[in-house]
Participant: 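Below is one structure. I have some questions about it.
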Amino acid sequence: MAFANPLALLGFLSLIPIVILYLIKPKPRDIKIPSLMFILDAERKEHRYETMLRKIIRDPLMLMQLLFLILLTLAMAAPFYTANETVSADHTVIIIDASASMQAENPSRFDRAKDAAEKFVSGRTSIIMAKNIPVVVLQRGGKADAKDTLNRLAPGATTASIGDAIILASSMIKDEKGAIVVISDFSNTDSDSIAASKMLANADGIDVTYKQVGNDAENIGITYGKLARKGDSYEYICNIKNYMDDKKTVTIEIFRNGKKTLTDTVTVPAHSSELFALTDVEPGATVVSLKQKDSLEVDDRAYIAIPVVAKRKILVVSETKNPPAKIALNSLPDTECSIVKPPVLPSFDDYDLVVIGDITKNSLLPGTFKDLASFVQSGGGLVILASGDLDDIETEGLLPVQISGKSGAAALETRMPTEFTKDIAFEDVSVTTHLRSEPADGSIVTVIADDDSPMLAYQKHGSGTVFYSRFGEGDSTWNDFHTRVDYPIFWRQIVDWMSGVHGIEEYNVRTGRMLPLGEVQKVTTPSGTVEADNLLFDEVGGYRIGDEDIAANLYDPLESDLSIHPMSGEARALTPDLVKAEVEKELWTYLIILVIFIAGFELYYLRARGEL
């Protein structure tokens with residue numbers, strides 16, 4: 001037992017004056033009666049050790065007053081003890097599964113989850129949307145705030161990281177009497193992660209309760225999609241999966257830039273998949289739509305975004321008539337490549353990208369690199385390919401490396417993967433001679449030789465970029481890179497990267513991806529317009545960021561599987577949640593009742609003695 005107000009125990013000192021007052025109270029006068037004198041004297045000698053006790057207890061009123069003061073002092077000290085009991089939570093954190101499968105059925109599983117969540121709203125309620133990244137939509141709100149927030153919630157089209165949401169909820173409760181309620185269909189969850197997170201929460205004294213919603217439902221959906229370049233156009237392949245018990249013939253409609261262009265059918269066996277291919281996909285927006293009645297619509301459409309790329313003009317400056325670099329550039333779609341032999345060069349402003357190939361120290365006219373510097377500063381792209389005399393040429397500080405001489409054979413390593421290095425096996429390139437160098441201040445090195453000399457590096461200058469390639473324009477006495485099948489791919493990726501065109505996968509993403517925007521921007525989403533500096537693709541459909549269109553798709557066979565594994569009856573019973581906690585049981589109220597009773601009995605006793 002402990003006391004909330006231990007200083008009140010000083011009230012026991014009030015017992016001392018009460019005892020003293022009763023000890024000094026005047027005694028009755030003794031009258032000696034001769035016939036009894038000897039008997040009384042004998043009794044006094046026999047009970048001489050009990051005299052003090054009799055003086056104290058000879059008046060019951062004294063005992064009542066002492067007991068009154070003792071109980072009153074204890075009541076003022078507010079005694080209590082702790083007990084482990086089941087109580088209502090002071091702070092309830094409600095975790096609602098907002099994954100794609102929660103959109104299934106009618107009414108949807110998500111609507112049922114919201115109805116269930118209203119029953120758990122307490123005096124202080126926090127709400128977390130369990131997407132692939134947990135999102136706090138309400139923190140320590142009142143009942144009205146919680147119900148208003150629940151009414152505004154809508155499910156996403158991602159997976160659900162319930163384990164991470166439980167950990168986040170535990171950090172929000174801290175030292176309160178809190179409870180965590182997880183409302184989900186539990187159709188596609190990482191049970192190990194959830195169990196581990198619940199164990200951590202329980203270790204902090206926080207109860208975690210599961211509430212399951214939903215029933216088994218039938219579905220056919222697009223669970224995979226891939227877009228690949230085929231010459232000047234693209235090919236799209238998708239996987240259509242049937243989760244039903246019977247085979248289904250599915251009608252497929254193709255829409256390009258809002259107009260229906262094709263209708264086809266595919267028969268999918270029960271609990272099996274079929275591929276569907278779409279060729280000659282042109283730039284713009286394309287939608288593949290399944291016309292099949294099922295319980296989930298979010299996976300019935302696949303959205304495709306292909307950017308419209310303007311033709312890019314490239315100027316190659318080289319002493320070589322037709323180098324491999326120029327041949328590779330000429331083969332690229334959406335490009336117009338010209339090769340010019342120095343020293344007389346056209347205006348750089350007429351081109352998007354300038355490539356300086358094999359030149360000597362006497363090839364260029366004085367001031368050429370000054371013109372190139374102005375071109376880059378104003379937003380142009382410049383590629384400098386290594387050549388024998390490059391270290392003797394004044395480049396006006398444009399070169400991203402500092403050359404110190406020539407060196408022999410070297411092994412290569414990709415230090416930093418980028419958009420222009422992906423799918424290129426630089427480690428397999430045979431290098432017999434290379435320029436020994438080190439990075440210039442502010443440059444970024446992506447591929448290096450084993451002596452730490454940069455093989456690929458780039459640097460920003462004003463609004464433009466200067467790219468350095470130690471591989472040159474294609475000389476077999478230096479390396480064999482130009483003979484490899486991935487050499488044209490390398491140049492396509494370099495041109496796309498320097499002209500601001502990303503890989504096609506950057507325009508076609510899966511939901512759940514987080515895209516840093518660098519600054520707050522206005523973004524058009526499938527459901528409206530938002531302003532954000534970090535964009536979570538949590539809806540299926542088309543997004544517009546600045547001048548770029550991006551398509552987001554679910555492509556998740558587990559989320560499209562709407563089968564339910566029923567949990568215990570308790571987990572499906574949607575009743576208000578309780579929490580086990582250490583509760584302080586106060587005793588002062590009982591003591592006050594006793595004090596009042598003693599005070600009343602004392603008054604009754606005084607009245608019975610005739611003193612009132």
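For reference, positions follow the sequence shown, starting with 1.
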Participant: Decide, yes or no, whether a salt bridge links E218 with K293 under the criterion of side-chain N to carboxylate O below 4.0 Å.
Facilitator: no

Participant: Holding to side-chain contact (heavy atoms from CB on, under 4.5 Å), I want the full list of residues that pass it with A217, two or more places apart in sequence or in another chain.
Facilitator: E105, R109, S295, L562

Participant: Are side-chain N/O atoms of E473 and T320 paired as donor and acceptor at under 3.5 Å?
Facilitator: yes

Participant: Between D299, D561, D300, N242, which is the residue that forms a side chain to side chain donor-acceptor pair (under 3.5 Å) with N219?
Facilitator: D299

Participant: Holding to salt bridge (Lys or Arg N to Asp or Glu O under 4.0 Å), I want the full list of residues that pass it with R492, two or more places apart in sequence or in another chain.
Facilitator: none

Participant: Apply salt bridge (Lys or Arg N to Asp or Glu O under 4.0 Å) to E548 and list each qualifying residue two or more places apart in sequence or on a separate chain.
Facilitator: none

Participant: Should the pair K230-D280 be classified as a salt bridge under the 4.0 Å nitrogen-to-oxygen rule?
Facilitator: no

Participant: Could you tell me which residues satisfy salt bridge (Lys or Arg N to Asp or Glu O under 4.0 Å) with R301, sequence neighbours excluded, listed by chain and number?
Facilitator: none

Participant: Quick one: sort the F426 and F481 rings into parallel, tilted or perpendicular, breaks at 30° and 60°.
Facilitator: tilted

Participant: Answer yes if the ring centres of Y543 and F537 are under 6.0 angstrom apart, and no otherwise.
Facilitator: yes

Participant: Once salt bridge (Lys or Arg N to Asp or Glu O under 4.0 Å) is applied, do any residues pair with K341, and if so which ones, sequence neighbours excluded?
Facilitator: none

Participant: Can you name the residues that form a ring pair (Phe, Tyr, Trp, His ring centres under 6.0 Å) with F348, not counting sequence neighbours?
Facilitator: none

Participant: Please determine if K260 and E253 form a salt bridge, counting it only when a charged side-chain N lies under 4.0 Å from a carboxylate O.
Facilitator: yes

Participant: Please tell me whether W491 and F420 form a close aromatic pair, meaning their ring centres lie under 6.0 Å apart.
Facilitator: no

Participant: So does D538 pair up with K131, basic N to acidic O under 4.0 Å?
Facilitator: yes

Participant: Where does the angle between the aromatic ring planes of W497 and Y458 fall among parallel (under 30°), tilted (30 to 60°) and perpendicular (over 60°)?
Facilitator: perpendicular

